[in-house]
Amino acid sequence: MSTTEIPTVTLNNGVTMPRLGFGVFQVPDEETTAAVAAALAAGYRSIDTAAVYGNERGVGRALAESGVAREDLFVTTKVWNADQGYDATLRAFDASLDKLGLDRVDLYLIHWPAPALDRYADSWRALERLAAEGRVRAAGVSNFRPAHLTRLIERGGLVPAVNQVELHPGLQQAELRAFHAAHGIATEAWSPLAQGAVLADPAVVAIAERTGKSPAQVVLRWHLQLGNVVIPKSVTPARIRQNLDVFDFALTADDLAAIAASDRGLRTGPDPDLFD
Ligand code: NDP
């Protein structure tokens with residue numbers, strides 16, 4: 001598939017972001033270059049990493065070696081909890097840029113609210129500065145609940161362009177998605193496949209059998225029809241390609257209703273209110 005076929009979402013500051021990207025959580029730095037190279041060769045243009053993943057250098061190497069023009073790439077990274085605070089976030093951003101070998105990123109996220117630290121509003125001021133300087137094209141957050149988002153919105157500055165949260169058929173986040181829609185915040189789903197845990201879901205398997213698609217493709221298609229941005233991870237070239245091949249079929253209203261019934265509060269990651 002050519003990259004032009006990946007649909008985009010227009011963020012609240014006018015920047016466009018591919019609705020399907022490639023995640024590299026838990027990929028060791030030395031394996032990351034090959035995985036990202038495979039993703040870029042398959043047609044992905046959006047890559048999601050984070051300082052804490054320890055693989056920004058591997059991502060940067062793959063980007064540099066790919067020959068893909070910088071303006072065709074969409075690179076996301078995240079400030080880790082230990083680097084929250086205004087000055088610390090600015091320093092962490094410089095370190096991430098250095099590792100990625102870039103002079104700006106397309107999306108910079110506060111990785112977790114870490115409410116016990118009570119520093120995410122200070123980090124947000126740093127992201128506002130980076131956005132004003134053009135060093136980040138869009139500023140966003142991750143794992144924020146409505147209360148955390150409201151605190152940022154009520155400051156009267158930038159509204160986060162994106163909230164990247166755990167979201168999959170086992171944790172559908174309807175209330176949070178409605179909050180995002182009401183405030184112009186794009187919903188980005190992390191662990192869109194629940195790290196594989198939703199691939200045996202009976203509703204998903206039944207749709208896969210009927211459509212001739214794989215369970216992973218059915219789940220990714222479900223995300224896209226819900227309006228989410230998705231960033232599936234794989235280090236397996238055939239799966240990397242397969243996860244992009246989700247634009248030639250559609251789930252019916254009955255399919256969507258069947259998957260809606262799979263919502264069961266399943267978390268692969270920690271509770272954002274308790275994690276720091
Ligand atoms: P995913 O839900 O993307 O699942 C990845 C797992 O599914 C891997 O084990 C992979 O195996 C397997 N898989 C991928 N494609 C297929 C397929 N077609 N068929 C069968 N199995 C498949 O999990 P992640 O937790 O990695 O989430 C995706 C991305 O979200 C991360 O990489 C990261 O970028 C982001 N993220 C962000 C977080 C945050 O706090 N902001 C937290 C967690 C993730 P294999 O690799 O062996 O092929």
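All ligand and atom numbering here is 1-based and tracks the order in the structure. Start at 1 with the first residue, then count along the sequence.
Residue Gln164 forms a side chain to side chain donor-acceptor pair (under 3.5 Å) with just one option from Thr187, Thr76, Asp48, and that option is Asp48.
For Phe25, the ring-ring contact (aromatic ring centres under 6.0 Å, His included) partners at least two apart in sequence or on another chain are Tyr53.
Protein residues lining ligand 1, listed by chain and number: Gly23, Val24, Phe25, Asp48, Tyr53, Lys78, His111, Trp112, Ser142, Asn143, Gln164, Trp190, Ser191, Pro192, Leu193, Ala194, Gln195, Leu199, Ala216, Ile231, Pro232, Lys233, Ser234, Val235, Thr236, Arg239, Gln242, Asn243 [non-hydrogen atoms, distance under 4.0 Å].
For Glu166 (side chain) and Trp190 (main-chain N/O), no donor-acceptor pair under 3.5 Å exists by modelled atom type. Arg19 contributes a side-chain N or O that, together with a main-chain N or O of Leu224, makes up a donor-acceptor pair within less than 3.5 Å.
Using modelled atom types and a 3.5 Å distance limit, the side chains of Gln217 and Arg221 yield no donor-acceptor pair. Judged by distance alone, the side chains of Arg129 and Tyr86 do bring a donor and an acceptor atom under 3.5 Å apart.
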